[in-house]
Amino acid sequence: MSGGHASSLAPGQRHNGDADPRRRFVGARVTRLEDPPLVRGQGTYVGNLGFPNQLHMRVVRSPVAHGVLRSIDTSAAREHPGCRGVWTGQDVADIPPITFRPTSVQGLEPYRQYILARDRVRYIGEPVAVVFAADPYVAEDIADLVTMDIEALPVLLSADAPPGEFAPGHSTEAGVLRKQFGDVDAAFREAHEVVEVDVRVGRHSGVPMEPRGALARHDHSRDVIELYGAGKRPHAHRDAVAALLGRSPVGMHFYEGHIGGGFGVRGEIYPEDVLVCLAALRLGRPVKWIEDRRENLLACNHSREQHHVVRAALDRDARILAIDAKLWHDQGAYIRTHGARVPDMAMGTLIGGYHVPAYRAVGHIRLTNKTPAATYRSPGRFESTYACERLMDAVAERFGLSPIEVRRRNLIRRDQYPYPRPMEILDHPVELDSGDFPRLLDRTLEHLRWDDLQAEIARRRDAGECVGVGMGFFMEKSGLGPVDGAKVNVDTRGKVQVVTGSSSIGQGVETVMAQICADALGVDYADVKVIHGRTDMIDYGIGAHASRATVMTGGATRMAALNVRRKALEFAAAHMIEAPIEVLDIVDGKVVRTDRPGEPGIPLGRVAAALAPSPEVVAFGIPGLTAEGWFETAGLTHPYGIHTAVVKVDPDTGGVTVERFHVAYDIGCAINPMLVEGQIVGGVAQGLGGALLEEFVYDERGEPLSVTFADYLMPTAREMPPVEVLLTEDAPSPNNALGMKGAGEAGITGVGAAIAAAIDDAIGKPGAIRELPVTPQRLRAILAGRPAGA
Amino acid sequence: MMDSTEQTRDIALEVNGRAVAEQVPVRLTLADFLRQQLGLTGTHLGCEHGVCGACTVLVDGRSARACLMLAVQADGRTVTTVEGLAPADGPLHPLQQAFHECHGLQCGFCTPGMLTTLAELLAECPRPTEDEVRVAISGNLCRCTGYQAIVDAALLAARRMAGDAEAA
């Protein structure tokens, strides 16, 4: 292997799991069921779909960052022979602004976005009009003919600046979040030392390779609006879009095909999604919209931009007495679908895996004249982990201790779990379910050969190289409940179908669900077909976000499969084999007698055929070899990890080369270690982008400067270091039967923290890195002793 | 599809081993021609400005950005897309098989461009080093995998293809 994948879980081997002999697929590095059509170029991404007679929609966007929309001239557009419609805000005045998922935070409603701008525009890229044509090239021609008169207003581009006016009577400070427990002020009064950091994360985002798109049609035979290209939360967003259009949920269905990457931004409710549904309804023809990359970088959710001032009160042994955090969250121009979730999660997770007796956080949600921001993989946690770990490194410096020693003194011990924190995250009480961070640290140091690494770095420094190592410790949250369901059925040929309300955004959910189902039922995972992203096939679903799918949908799939298993055995025992149920089992898709090994079993397909509706079957129960399953959990699961980066700095150019990256992660139970490693390595790549390269830059007029891939730089194969993964299962979650915790965000959460610490170490200036991304310009300024950004 | 005022040309080319003769608007990109007119939607459009590499196809055996080429420029040429790497009803191309085995894809959107780029590399350089593979795909962006498994897959496919050649 080229990259030194070093999972501690060898193929087919597990440790610390229970010794269930049935685990044939759970824990195995089986290849993905998703792959065959994708490697052949047979994907069903929305851009590849189409219906006869469809129209293409093109969006006309605001060229001004903040202004009064005086008038829009659509006359030339309407005169174009290919024009099949032009809408401005007036044409959709009956559609309410786009809703968000509520939390207990009040007062955000005035900051919602209309699907087309009304009297004001608030960011460059805001949809102002849409045009329709039969050909996408012609639609672009027509869009160019729409002109508008905008009276510019002063722009607000910083969440730190004094708030301005969003609209008459509404400040650009949309809300202030507060969390607190313990006596913070007393702790600071009694502190031996107080250490403070002032650190920022830059504006960047998920930027999936597939641009956004949507295709809607009105199926008159059922009076259903169908939306293709859904993702992330098909059920919740179906309900929300139906409500915006004044339709009943049964009059609208969402369909998810392949999705070219999710990362939190794909599948949220954007103005364009609502517009295509409305257009299909009003124009009576299927309507397709595919954005170009410039639009994607202008108008798909941004994320991450946050300023933190964090203080720690410490006793004489560098143990934390209290942490006091203030943060300013740059929300961009409007509140989007996630509501207040990002700063809420940042504040709720900032103290990570440390024992903190008292904590206070105040978060300012500020609107600016930039693209609206929302969730991006590890929302809030990438930012807060970076802030917290910068603080811990500063504590180490103040006390003259090693960064590792400071962590050791403050990490929550294994015997302290379950570890409650008297506050809420997203309105859920916080209780860290299980963990053993000190052990993970020991294993990390051993795996890294820490002493050898330090000696090597010392040797290279003596030779004049600018190299350093840094770590980022993080506590994740995953498996947000409370309930999810799934349906499993077996057909007469023995093929199994799992219908979930999950969403597949490239992470391998079909394979993972098939593995879980296969072991619970007693079949081969390759015989299991997994449905996701279809609101017409299951009534409820949580989609795929926040590292929930494996825990919640996996839990539901397991319950449903166990119910099918029980049904098959009960029916077979009663009607097909004259044997007590206790001696029956399902192995390799056949019902067999455990007391008579060697006897041919009854294939499940035959059991399914025998369960076809008949008076006898109805007397037994519900026909069909089918069952639902529901999984409920009271608490979140909390995986945790340590990122370690080794970097080399070129003092002349300010360039940073990441030479090595190590991720140690305790996942409780890895359903498929190969897929978990894939999630982690991919997350590291995105994290390195946010730490070193990626930034949405604006000029002083609010003009976005990062609107091509030549300006918005993402890591290529040449920037990626070898990533080593140490995957452990030391702390299974007590909240589900398999001990599972989430995997989706493990690779990214600690990257900013580790890279900042490593660069500090390389240049010998503790605390120098205060702002991400660490671009060559910023690093040169730091090395020259100038203020960063100068 | 076409506007009546649209200027068009007739082109003839070979796509995935099949002769094709079509009338195309002069401004139609090769990528849109393949996707919309021929229904070969495996060629994906990720940026339409030549950076991401998702739309990479082989033109006369050389990798080319189908988003930066016009369909009329493909007149008389031979084009291979991801659909042409292996017969639809046959076994996978060794690169496709290795991507599957090494978990070299997640969402799959960049995969066609990665495969065509690597097909060109392995045709020219049957035993590439890891560095050579990384250089070859440095013009193809992937947002899911971190590239490591893609590099592993390319090296595995190269070993198998070279081994086959020796065996033959």
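Convention: sequence-line order gives letters A, B, ...; per-chain numbering from 1.
In terms of heavy-atom pairs under 4.5 Å with chain B, the best-connected choice from A:Leu688, A:Val207, A:Ile290 is A:Val207. Across A:Pro211, A:Pro36, A:Gly47, the residue that shares the most heavy-atom pairs under 4.5 angstrom with chain B is A:Pro211. Here A:Arg293 is the residue among A:Arg293, A:Gln507, A:His258, A:Met674 with the most heavy-atom pairs under 4.5 Å with chain B. Annotation: maximal heavy-atom pairing with chain A below 4.5 Å, among B:Cys102, B:Gly46, B:Gly104, B:Cys52, occurs at B:Gly46. Ranked by heavy-atom pairs shorter than 4.5 Å toward chain B, the options A:Pro37, A:Gly50, A:Gly206 are led by A:Gly206. The most heavy-atom pairs under 4.5 Å with chain A, out of B:His93, B:His103, B:Glu101, B:His49, come from B:His103. Contact count versus chain A (heavy atoms, under 4.5 Å) is highest, among B:Asp131, B:Leu95, B:Val133, B:Asp32, for B:Asp32. For the options B:Cys142, B:Gly50, B:Cys110, B:Ala88, heavy-atom pairs under 4.5 Å to chain A are most numerous at B:Ala88. When each of B:Gly139, B:Gly39, B:Gly108, B:Ala86 is scored by its heavy-atom pairs under 4.5 Å with chain A, the top score falls to B:Gly108. If you tally non-hydrogen atom pairs under 4.5 Å between each of B:Leu40, B:Leu92, B:Ile150, B:Leu115 and chain A, the highest count goes to B:Leu92.
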Discussion item. Run the side-chain hydrogen bond (donor to acceptor under 3.5 Å, both in side chains) test on A:Glu256 and A:Ser504 for me, step by step, so that the C-alpha distance in whole Å, both residues' side-chain angles and the decisive distance to 0.1 Å come before the verdict.
Written reply: CA-CA 8 Å; A:Glu256 176 182 278; A:Ser504 177; 5.2 Å; no
Item to complete: Could you check A:His204 against A:Gln686 for side-chain contact (heavy atoms from CB on, under 4.5 Å), going step by step and ending with a plain yes or no?
Response: CA-CA 10 Å; A:His204 60 283; A:Gln686 289 191 309; over 6 Å; no
Worksheet item: What's the verdict on salt bridge (Lys or Arg N to Asp or Glu O under 4.0 Å) for B:Arg27 and B:Glu6, showing C-alpha distance, side-chain angles and the deciding distance?
Response: CA-CA 9 Å; B:Arg27 65 175 176 170; B:Glu6 189 92 53; 3.0 Å; yes
Practice prompt. Step by step, work out the side-chain hydrogen bond (donor to acceptor under 3.5 Å, both in side chains) result for B:Thr81 and B:Asn16.
Written response: CA-CA 7 Å; B:Thr81 71; B:Asn16 297 336; 2.9 Å; yes
Practice prompt. Would you sort out whether A:Asp135 and A:Arg84 count as a salt bridge (Lys or Arg N to Asp or Glu O under 4.0 Å), showing the intermediate values?
Written response: CA-CA 10 Å; A:Asp135 180 281; A:Arg84 298 291 174 268; over 6 Å; no
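The distance from atom CG of B:Leu13 to atom CG of B:Leu38, rounded to the nearest 0.5 Å, is 7.5 Å. Put simply, CD on B:Glu120 and OG1 on B:Thr116 are 8.5 Å apart, with the number rounded to the nearest 0.5 Å.
Between the side chain of A:Arg32 and the backbone N or O of A:Val509, no donor-acceptor pair lies under 3.5 Å. Of the possible polar contacts, none joining the A:Arg294 side chain to the A:Val707 backbone as a donor-acceptor pair under 3.5 Å is found. For the pair A:Ser205 (side chain) and A:Asn301 (backbone), a donor-acceptor distance under 3.5 Å is present. With A:Ser706 contributing its side chain and A:Tyr712 its backbone, the two residues share no donor-acceptor pair below 3.5 Å. Under the 3.5 Å distance criterion, the side-chain polar atoms of A:Lys288 are matched with a main-chain donor or acceptor of A:Leu49. Of the possible polar contacts, none joining the B:Gln7 side chain to the B:Val26 backbone as a donor-acceptor pair under 3.5 Å is found.
In this structure, the portions of B:Glu83 lying under 4.5 Å from any heavy atom of chain A include both its backbone and its side chain. For B:Leu85, no part sits under 4.5 Å from any heavy atom of chain A, backbone or side chain. Residue A:Ile680 does not touch chain B at all, counting heavy-atom pairs closer than 4.5 Å. With a 4.5 angstrom heavy-atom cutoff, A:Gln679 touches chain B via backbone and side-chain atoms both. Neither the backbone nor the side chain of A:Glu34 comes within contact range of chain B, judged by heavy atoms closer than 4.5 Å. The part of B:Leu45 that comes within reach of chain A is its backbone (N, CA, C, O), which places non-hydrogen atoms under 4.5 angstrom from that chain. Of the atoms belonging to A:Val30, not a single heavy atom falls under 4.5 Å from chain B. Residue B:Thr129 does not touch chain A at all, counting heavy-atom pairs closer than 4.5 Å. Contact annotation for A:Asp141: only side-chain heavy atoms (C-beta onward) come within less than 4.5 Å of a heavy atom of chain B. Proximity to chain A involves both the backbone and the side chain of B:His100, based on heavy atoms less than 4.5 angstrom apart. Heavy atoms closer than 4.5 Å to chain B are found in both the backbone and the side chain of A:Tyr137. When heavy atoms are compared at a cutoff of 4.5 Å, B:Ser138 approaches chain A by way of both its backbone and its side chain.
The residues B:Glu48 and B:Arg35 are annotated as not salt-bridged, no charged nitrogen and carboxylate oxygen being separated by less than 4.0 angstrom.
In this structure, the side chains of B:Phe99 and B:Thr145 stay at 4.5 Å or more apart for every pair of heavy atoms. The closest side-chain heavy-atom distance from A:Leu693 to A:Pro715 is below 4.5 Å.
Scanning residues 53-77 of chain B against chain A with a 4.5 Å heavy-atom cutoff picks out nothing at all.
By the 30° and 60° cut-offs, the orientation of the rings of B:Phe109 relative to B:His44 is parallel.
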